[in-house]
Amino acid sequence: MNNLQDNEKFRSLINHIPGVIYRCANDEWFSQDFFSAQIENLTGYPLSYFMADRKEGYLSIIYEEDKKLVSDFIRRALTKKEKFEIEYRIITQTGELKWVLERGVCVYEEENKRSYIDGCIFDITPRKRAEEALKKSEDDVKRLALVAYNTTNSIFIADTEENIIWVNEGFTRISGYNAEDIRGKKIGFSLDRPDIDEESQKKIRYALDNKLSFNEEFVSYKKTGEAIWLKVDCQPLFDEAGKHMGFMAVENDITPAKLAQKAQEELLRRLTLATDTAQIAIWEIDLSTNAVIWDERMYTIYGYPSDTTLSLYKIFFSSVHPDDKEMMSNIIGELVSSKKEISGAIYRIINSDGRTIYIESSAIIKKSETGQVLRLIGTNRDITEDILVQEKIKTQNKVLREIAFIQSHEVRRPLANILGVIEILKTSGAITDLEIFNHLEESANELDKEIRSIVNKTNDLDDEAFR
């Protein structure tokens, strides 16, 4: 009775151990003789599953890639009569992968000339997962450190008091300050200057005081005193519990881009001044998307508001004068098909007010590297007043010719009579004073010469430039 009670106590004791206690034979299959009840909690299988197949029961749930490793490891330990300890994976009844730690030793019964393996198995899955997470975290930290050190951008880290405590090589390269130089300096120390933008300064102060991120562009000063443009992205740092740990900022030197932008703005200002002075309108057509861009003057010329919802394609083609549509279609077709690189034309449009306007237009094409036409870029200029002036000049010239022609005939008719009388007097001998006669004849011929000169000059007027 006591032995029975002792056995029950022993079983109760081992079943409460947070691990599986086992005994198996030291044979080829490690045939199971005993498993504590914890085997069910570990594997999800009932104890009967393993007792029904003592040879293959437990071996069947060991992860396939680990089976030979486990068998060989235990065999070597048994050969040396050493204790063993090994970590491997098992597959539970639900398909879950678990890591286990198995410890064991071979027990010899000399009287029966048999040997057993007594051991225990513990679930170490939480520890393994923590180790894997830690390793991944360490790997991530190493990668982030490599990125931080090798990136071309400037990176610094500051503590909760805004003191800079770490900088990367990019920070030193861009600013000229090394880790020793910035000791005790606070966030924004390189931005301090008399002309700092107060609005930007307020934004930074508000973000830092409230532990918020900010992304701004500033003029900063290098150690040498040289001014540079920085794009600063500053983020507050928090631990897993949400406790504030400091700040990290990534700074990018955008000085070249800012200088290029300034040069472009200056060029645009000059271009705008030139186009405004010459009253030139600019348009562009993206042939890949059929998107049309007009500047304000284009809308003014065609008589439409800049916020019109009408298609600019339709506005253009519906505005072209009927007599000029074929010409403009041909010109555009030659540009699109690359038959021409540049083209100019004078054509008429009828704007939204019904007025006929003369347009002087030029266009060029923009090609891809493969030669495909991508865009048409051109100008329009309202030359209606120039055309009207030219027409007025042509009309005036025509009138002058007519006046000269009429006046020459009107003046030469009495002149012809005078010349005729002089001839009669000359042949009749009625005039005896030849000096007076010669003077009259000479004056009449000079008058005739001047009249012919006026007519010739009028006829020589060149209208070709206005045709």
Side-chain angles (χ1 to χ4, degrees), residues 137-239 242-277 295:
S137 177
E138 290 174 347
D139 290 342
D140 288 343
V141 170
K142 288 178 182 178
R143 283 193 288 268
L144 287 173
L146 285 173
V147 171
Y149 272 106
N150 296 307
T151 183
T152 57
N153 291 339
S154 163
I155 299 176
F156 70 78
I157 296 175
D159 61 19
T160 56
E161 301 299 319
E162 302 172 19
N163 297 305
I164 298 176
I165 58 176
W166 181 87
V167 297
N168 72 336
E169 291 295 329
F171 182 94
T172 301
R173 178 180 55 78
I174 290 175
S175 70
Y177 293 97
N178 58 34
E180 190 64 29
D181 294 328
I182 55 88
R183 189 181 301 277
K185 295 188 182 297
K186 293 183 177 291
I187 297 174
F189 78 93
S190 63
L191 307 178
D192 289 338
R193 62 189 192 279
D195 59 338
I196 189 172
D197 181 7
E198 292 185 3
E199 194 62 32
S200 297
Q201 199 172 33
K202 289 178 181 178
K203 287 182 180 179
I204 297 175
R205 187 71 266 151
Y206 180 82
L208 293 176
D209 290 343
N210 293 277
K211 302 174 182 58
L212 302 173
S213 62
F214 64 86
N215 193 323
E216 298 286 340
E217 295 179 358
F218 309 102
V219 174
S220 177
Y221 289 89
K222 300 174 69 171
K223 186 177 180 180
T224 59
E226 178 188 353
I228 58 173
W229 273 94
L230 293 179
K231 184 177 180 62
V232 182
D233 183 357
C234 185
Q235 303 288 335
L237 301 176
F238 300 93
D239 63 14
K243 181 181 177 182
H244 182 232
M245 299 174 60
F247 300 90
M248 183 183 76
V250 178
E251 300 176 329
N252 186 21
D253 183 358
I254 59 172
T255 306
K258 279 291 184 179
L259 293 177
Q261 179 184 347
K262 185 177 180 181
Q264 187 176 19
E265 289 173 350
E266 178 63 21
L267 179 62
L268 180 60
R269 188 186 69 81
R270 293 179 180 179
L271 177 62
T272 301
L273 179 62
T275 55
D276 286 347
T277 302
D295 69 357

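- In terms of heavy-atom proximity, F214 sits nearest to L208 at CE2-CD2, 4.1 Å.
- One distance of note links NZ of K222 with CG of D253; it measures 7.5 Å at 0.5 Å rounding.
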Apply the test side-chain contact (heavy atoms from CB on, under 4.5 Å) to residues I182 and V167: give CA-CA distance (whole Å), side-chain angles for both, the deciding distance (0.1 Å), then the verdict. CA-CA 9 Å; I182 55 88; V167 297; 4.0 Å; yes

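- Smallest separation of non-hydrogen atoms from K258 and W229: CG-CG, 3.5 Å.
- Aromatic ring centres of Y221 and Y177: separated by at least 6.0 Å.
- Two residues are said to be in side-chain contact when any heavy atoms from C-beta on lie closer than 4.5 Å; I157 and I164 fail this criterion.
- A donor-acceptor pair under 3.5 Å links the side-chain atoms of D159 to the main chain of E161, judged by distance alone.
- Using modelled atom types, no side-chain atom of S213 and backbone atom of C234 make a donor-acceptor pair closer than 3.5 Å.
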Determine, stepwise, if the pair K185 / E162 fulfils salt bridge (Lys or Arg N to Asp or Glu O under 4.0 Å). CA-CA 8 Å; K185 295 188 182 297; E162 302 172 19; over 6 Å; no

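- Remark: side-chain polar atoms of N252 are not paired, donor with acceptor, to backbone N or O of I254 under 3.5 angstrom.
- Residues E251 and F156 have side chains in contact (heavy-atom distance under 4.5 Å, counting atoms from C-beta outward).
- By the 4.5 Å heavy-atom criterion applied to side chains, I155 and F171 are not counted as neighbours.
- The closest side-chain donor-acceptor pair between N163 and K186 falls under 3.5 angstrom.
- Side chains of F247 and T160 form no contact here, defined as non-hydrogen atoms less than 4.5 Å apart.
- One distance of note links CD1 of I228 with OG of S154; it measures 8.5 Å at 0.5 Å rounding.
- Annotation: the span from Q235 atom CD to M248 atom CE amounts to 7.0 Å, rounded to 0.5 Å.
- In terms of modelled atom types and a separation under 3.5 Å, the side chain of N178 and the main chain of E169 share no donor-acceptor contact.
- Expressed to the nearest 0.5 Å, how far CD of E199 lies from NZ of K203 amounts to 6.0 Å.
- Crowding of F189 atom CZ: a count of heavy atoms from other residues, nucleotides or ligands under 6.0 Å exceeding 12.
- Nearest heavy-atom pair, K211 versus P236, reported as atom, atom and distance to 0.1 Å: O-CG, 3.2 Å.
- Taking OG1 of T172 as the start and CG of D181 as the end, the distance is 8.0 Å to the nearest 0.5 Å.
- Atom CD1 of I174 sits about 7.0 Å away from atom CG of L230, to the nearest 0.5 Å.
- You'll find the side chain of N215 stays beyond 4.5 Å of the side chain of V232, heavy atoms only.
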